[in-house]
Amino acid sequence: MIVTVDVGNTRIKAAVFEGNTNLKNFVFDKTVLENEIKKILKEFQTINNLVVSSVADVEKQAFLVFEKWVQVHFVSHEDAFPFINNYGTPKTLGIDRMVLAAGAALLYPNQNRLVIDAGTCVTYDFVDENNVYQGGAIAPGLRLRYESLHAFTAKLPLLKLQSPESYVGKSTSESIHSGVVNGLVYEIDGFIEEYKTGCSKIIIILTGGDAEFLAKRLKNTIFANSNFLLESLNQTFQYKIKND
Ligand SMILES: Nc1ncnc2c1ncn2[C@@H]1O[C@H](COP(=O)(O)OP(=O)(O)OP(=O)(O)O)[C@@H](O)[C@H]1O
Ligand SMILES: CC(C)(CO)[C@@H](O)C(=O)NCCC(=O)O
Ligand SMILES: [K+]
């Protein structure tokens with residue numbers, strides 16, 4: 001049994017797997033990392049591997065305490081990945097993006113894949129049908145857009161995510177909701193159109209904290225899987241074991 005842990009810039013997500021079966025999921029704050037993981041290990045005493053990817057300022061040391069009970073694997077750029085990396089700066093490519101690309105390559109073999117992760121940032125990652133990771137894009141996520149409008153202006157309030165009534169905002173708040181939500185939806189649909197034009201056939205995976213909210217608003221029908229990074233960590237780990 002394994003537990004996969006995704007340390008994002010906003011929060012931590014974890015999932016327990018038996019083979020490919022996802023038994024239970026957890027979400028918690030970085031400040032309570034040690035306690036929450038200990039609780040998971042107590043609840044599932046047959047967990048023998050803990051697999052972490054971190055893009056935040058939570059380093060490997062924070063996980064060494066669990067080595068008393070399980071083997072700890074901190075995914076790094078040096079690990080074996082199931083794709084050829086054609087990114088210009090592979091050492092600065094986010095480890096979460098590498099894991100998403102690996103999951104896409106392993107779960108959807110021999111086809112073009114685009115993974116869109118709508119978290120703190122919205123990332124786009126394209127792995128082509130020859131298993132070459134080509135790159136993608138990084139943009140601000142939904143919450144980051146609301147926060148930056150407020151942080152960098154004098155007059156704009158900080159609003160909570162809300163579905164816009166229309167693309168024509170009739171008030172300050174309606175204008176902000178339209179700009180943030182419709183803006184991101186148009187952006188994602190626009191990128192999808194570009195990728196679809198560029199490749200004859202492509203599978204698109206939408207994940208991250210805002211995946212479900214966004215999926216139902218997109219023009220393109222896309223299946224949202226908020227767990228794709230955690231599932232990809234499980235896949236990446238199984239691949240590593242087979243290839244070590
Ligand atoms: N309880 C919550 N706390 C923070 N963000 C939330 C919450 N519930 C939903 N969200 C949404 O999720 C988004 C953040 O996504 P997520 O938690 O996947 O980010 P993350 O920590 O950067 O993770 P990752 O790096 O794995 O994408 C925010 O834009 C926000 O709208
Ligand atoms: C873009 C984020 C913040 C998304 O989590 C992460 O993948 C990251 O820190 N990336 C480093 C830059 C890059 O991927 O090129
Ligand atoms: K993200």
Side-chain angles (χ1 to χ4, degrees), residues 4 6-10 13 53-56 75-145 148 180-215 217-236 239:
T4 62
D6 154 31
V7 184
N9 278 299
T10 303
K13 278 139 281 172
S53 79
S54 172
V55 291
V75 181
S76 83
H77 290 86
E78 280 69 50
D79 289 350
F81 284 89
F83 55 80
I84 297 154
N85 198 338
N86 204 21
Y87 205 52
T89 58
K91 288 205 177 78
T92 73
L93 176 58
I95 208 73
D96 55 347
R97 301 180 66 192
M98 293 187 65
V99 171
L100 292 169
L106 295 167
L107 291 165
Y108 302 96
N110 311 316
Q111 53 197 306
N112 296 304
R113 315 94 171 164
L114 174 66
V115 186
I116 306 172
D117 183 348
T120 309
C121 295
V122 179
T123 52
Y124 300 80
D125 292 294
F126 177 53
V127 191
D128 73 17
E129 59 193 351
N130 301 314
N131 265 352
V132 181
Y133 175 79
Q134 298 289 8
I138 304 171
L142 268 184
R143 203 167 61 112
L144 195 52
R145 289 176 197 223
S148 50
V180 170
V181 176
N182 291 328
L184 181 54
V185 167
Y186 294 145
E187 184 177 305
I188 294 176
D189 270 325
F191 269 116
I192 292 173
E193 289 308 323
E194 287 291 346
Y195 279 97
K196 279 187 170 169
T197 309
C199 351
S200 51
K201 230 179 140 249
I202 186 164
I203 167 138
I204 298 164
I205 302 137
L206 178 62
T207 190
D210 292 312
E212 279 177 35
F213 178 85
L214 291 166
R217 291 171 174 80
L218 294 173
K219 198 164 67 198
N220 289 278
T221 19
I222 289 175
F223 180 64
N225 176 1
S226 323
N227 272 334
F228 193 70
L229 183 49
L230 293 163
E231 286 170 12
S232 297
L233 269 168
N234 184 30
Q235 292 295 322
T236 307
Y239 176 84

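All figures in this text were calculated on a predicted structure; none of them were measured in a lab.
Considering only residues two or more places apart in sequence or on other chains, A118 meets the side chain to side chain contact (heavy atoms under 4.5 Å, CB included) condition with V122, D210, L214. In terms of the side chain to side chain contact (heavy atoms under 4.5 Å, CB included) criterion, residue partners of A137 (sequence neighbours excluded) are, by chain and number, Y124, F191. With sequence neighbours left out, L144 forms a side chain to side chain contact (heavy atoms under 4.5 Å, CB included) with P140. Here E212 pairs with nothing under the salt bridge (charged side-chain N to carboxylate O under 4.0 Å, His left out) rule; sequence neighbours left out.
Nearest heavy atom pair, residue A102 against residue F81, reads CB-CD2, 4.0 Å. Annotation for I116 and I188: closest pair CD1-CG2, 3.9 Å, computed over non-hydrogen atoms. Closest approach of P82 to A105, counting heavy atoms only: O-CB, 3.9 Å. Annotation for I205 and A104: closest pair CD1-CB, 4.2 Å, computed over non-hydrogen atoms. The two residues E187 and A139 have their closest heavy-atom pair at OE2-CB, 3.5 Å. Nearest heavy-atom pair, L93 versus M98, reported as atom, atom and distance to 0.1 Å: CD2-CG, 3.5 Å.
In this structure, OG in S232 is found 6.0 Å from CG in L107, a value given to the nearest 0.5 Å. Interatomic distance, I204 CD1 to N112 CG, rounded to the nearest 0.5 Å: 10.5 Å. One finds the NZ atom of K13 at 7.5 Å from the CG atom of L230 (value rounded to the nearest 0.5 Å). To the nearest 0.5 Å, atom CG of residue D125 and atom CZ of residue R113 are 12.5 Å apart. Distance check, rounded to the nearest 0.5 Å: CG of N130 to CZ of F83 gives 14.5 Å. Interatomic distance, D128 CG to C199 SG, rounded to the nearest 0.5 Å: 8.0 Å.
Checked by atom type and distance alone, the side chain of N227 never pairs as donor or acceptor with a backbone atom of E231 at under 3.5 Å.
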Practice task
Show the numbers, then the answer: is there a side-chain contact (heavy atoms from CB on, under 4.5 Å) between T120 and R143?
Solution key: CA-CA 7 Å; T120 309; R143 203 167 61 112; 5.7 Å; no
Exercise for the section: Take K196 and N220, measure what side-chain contact (heavy atoms from CB on, under 4.5 Å) needs, and give me the verdict at the end. Expected result: CA-CA 11 Å; K196 279 187 170 169; N220 289 278; 2.9 Å; yes
Exercise for the section: Kindly determine whether T123 and D96 satisfy side-chain contact (heavy atoms from CB on, under 4.5 Å), including the steps that lead there. Expected result: CA-CA 10 Å; T123 52; D96 55 347; 5.6 Å; no
Practice task
Take V127 and Y108, measure what side-chain contact (heavy atoms from CB on, under 4.5 Å) needs, and give me the verdict at the end.
Solution key: CA-CA 10 Å; V127 191; Y108 302 96; over 6 Å; no
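Within the structure, the side-chain hydrogen bond (donor to acceptor under 3.5 Å, both in side chains) test picks out no pair touching residues 200-209 (sequence neighbours left out). Listed by first and then second residue, the side-chain hydrogen bond (donor to acceptor under 3.5 Å, both in side chains) pairs involving residues 78-95 are S76-E78, N86-Q134, Y87-R97, T89-T92 (not counting sequence neighbours).
Atom CD of E193 has more than 12 neighbouring heavy atoms from other residues, nucleotides or ligands inside a 6.0 Å radius.
Evaluated for a side chain to side chain contact (heavy atoms under 4.5 Å, CB included) with I222, the options D189, I203, I192 yield exactly one hit, I192.
Looking at D117 and F228, their side chains never come closer than 4.5 Å, going by heavy atoms from C-beta outward. Here the side chains of I84 and N131 are not in contact, with every heavy-atom distance at 4.5 Å or above.
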